[in-house]
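Excluded from the calculations below are hydrogen atoms, water molecules and symmetry mates; all remaining heavy atoms, backbone and side chain alike, are included. Given the structure is predicted, the values throughout are model-derived calculations rather than measurements.
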Amino acid sequence: MKNFKSLALMFAFILVLGVLAACGGSGDDANGDGGDSESSNTEESSGSESSSSEESGEEVSGPIAIDGSSTVYPIMENLTYSYREEAPEVETSLNSSGSGGGFKKSTKGEIDLSNASREIKEEEKKQAEENGVQLEPLELAFDGLSVTVSSKNDFVENLTIEQLRQIFLESSDAQMWSDINPDWPEEQIEIFAPGHDSGTFDYFNEVVLEENPMKEGENTTLSEDDNTLVRGIENNPNAIGFFGYAYYAANKDSLKVLGIAEGDAEPVKPSGETIQDGSYTPLSRPLFTYVNVEAYKNKPQVRDFVEYTLNNAGKAAEEVGYVALPEEKYQEQLDKAKSWAE
């Protein structure tokens, strides 16, 4: 019995030692796990910090206000959509009130980026300066302003600059297609053109109409919305209009783009090649966004988006139907933009 009690006590003692050893081991493991966990968290945090930067679009948030050219809109829509995946906490507001409409806001400092299918005018520059706003241009792509008719039109293939003036100038007496060419139908010409706030209107007015008034009235429809112009032209064989190349490219099945001849030269139609090499003249042009430098300096999300834009504008331009700039041009502008924050 005594031996049995001794064995029982010995067994109990061994059991207690085992429990204490297990607790001690667990404590060591906890400390070890705690240390490993702290180290792991530090590594994860460090990794997150090193991988999250304004370049990658991570850990930036806040609003970005963008307005302006409907011609530039498809590029910027592409960019804002893809950027959302990089920086989901950034809220981009994108509108298209025309180049002039964008400048009305940007020169007052009301928006961060102002898209434009033309360069800023001297009076707009002055307005910005008076309001203490610094706007800097960035080129995004090349465009070929495209003169189109309906695919149902079976008589017009090419026009000269002089014929464009006959069709669009207010001072011209031409009303019928037969007034332009006696072989064409005696049908009323229906005009669809960008509104006066559009940079495309300004560009056409400058290089074709030479700053003279364009026809307006019951046979002319003006709109800052290029899709409205497309719809007006596509089902009307007597309609004609103009807008950025991307809108023609997106509607090739229902529209016909015309070759344009300057002087005695052969007519040239817009294409990626003719726009980039400048042979589609005088209707090839650069497309811009103007950056509010103060917003770039003080809003990380604006700075991040501008840099993302310059890194991806060429791809976006080609995806929506415009022509990318040479890669070195984007890099040159990226270096310039980064200097604004210094």
Has N251 got a side-chain atom pairing as donor or acceptor with Y247's backbone, closer than 3.5 angstrom? yes
Evaluate the side-chain proximity of I66 to Y73: yes if any heavy-atom separation is below 4.5 Å, no if none is. no
Could you report the tightest heavy-atom contact between V60 and Q301, atom names first, then the distance? CB-CA, 4.4 Å
With no hydrogens and no angle check, just 3.5 Å: does a side-chain donor-acceptor pair link N78 and E319? yes
Flag the pair V208 / L283 as yes when at least one side-chain heavy-atom distance between them is below 4.5 Å, and no otherwise. yes
Any side-chain heavy-atom pair of T289 and V72 under 4.5 Å: no
Here the gap from S198 atom OG to F243 atom CZ, rounded to the nearest 0.5 Å, amounts to 12.0 Å
Residue pair T80 / E77: nearest heavy atoms and the distance that separates them: OG1-O, 3.1 Å
R285 NZ/CZ over Y203 ring centroid, <6.0 Å and within 45° of normal: yes
Are F155 and P185 side-chain neighbours, meaning at least one heavy-atom pair lies under 4.5 Å? yes
Does a side chain donor of either Y290 or E124 reach within less than 3.5 Å of an acceptor in the other side chain? no
Is any side-chain heavy atom of N311 closer than 4.5 Å to one of L334? yes
Contact between K336 and E136 at the side-chain level, heavy atoms closer than 4.5 Å - yes or no? yes
Whether the S223 and D225 side chains hold a donor-acceptor pair (N or O, under 3.5 Å, no angle test) is what I'd like checked. no
Gap between atom CG of L229 and atom CD of E224 - 0.5 Å precision: 9.0 Å
Who pairs with E139 by salt bridge (Lys or Arg N to Asp or Glu O under 4.0 Å), at least two apart in sequence or on another chain? none
Scan side-chain atoms only and decide if N298 and E294 contain a donor-acceptor pair under the 3.5 Å cut-off. yes
For the residue pair L159 and L164, establish whether any side-chain heavy-atom pair is separated by less than 4.5 Å. yes
Should the pair K126-E129 be classified as a salt bridge under the 4.0 Å nitrogen-to-oxygen rule? no
Given the rule that I, L, V, M, F, W and Y join up when any side-chain heavy atoms are under 4.5 Å apart, are L135 and I111 in one cluster? no
Chi angles and distances behind the salt bridge (charged side-chain N to carboxylate O under 4.0 Å, His left out) call for K104, D67: CA-CA 10 Å; K104 284 176 185 176; D67 204 339; over 6 Å; no
Can F201 and F242 be said to form a ring-ring contact (aromatic ring centres under 6.0 Å, His included), step by step? CA-CA 9 Å; F201 173 88; F242 57 91; 7.5 Å; no
Between E162 and R165, is a salt bridge (charged side-chain N to carboxylate O under 4.0 Å, His left out) present by the stated rule, with each step listed? CA-CA 5 Å; E162 186 53 43; R165 291 180 181 133; 3.6 Å; yes
Please report the closest heavy-atom contact between E234 and S254, naming both atoms and the distance. OE1-OG, 2.9 Å
Which one of K299, R303, K297 satisfies the salt bridge (Lys or Arg N to Asp or Glu O under 4.0 Å) criterion with D112? K299
From Q166 CD over to D173 CG, what is the distance, rounded to the nearest 0.5 angstrom? 10.0 Å
Quick check: closest heavy atoms across K256 and V156, and the distance to 0.1 Å? NZ-O, 2.8 Å
In sequence, state the C-alpha distance, the side-chain angles, and the governing distance for Y245 and Y322, and then conclude on ring-ring contact (aromatic ring centres under 6.0 Å, His included). CA-CA 7 Å; Y245 182 74; Y322 291 120; 7.4 Å; no
Separation between CD1 (I191) and CD1 (I189), nearest 0.5 Å, reads 6.5 Å
Closest non-hydrogen atom pair, W184 against Q163: CH2-NE2, 4.4 Å
Between P270 and L258, what is the shortest heavy-atom contact and its length? CD-O, 4.0 Å
Heavy atoms, side chains only, cut-off 4.5 Å: are V257 and V147 in contact? no
How far does OG1 of T220 sit from CE of M214, to the nearest 0.5 angstrom? 6.0 Å
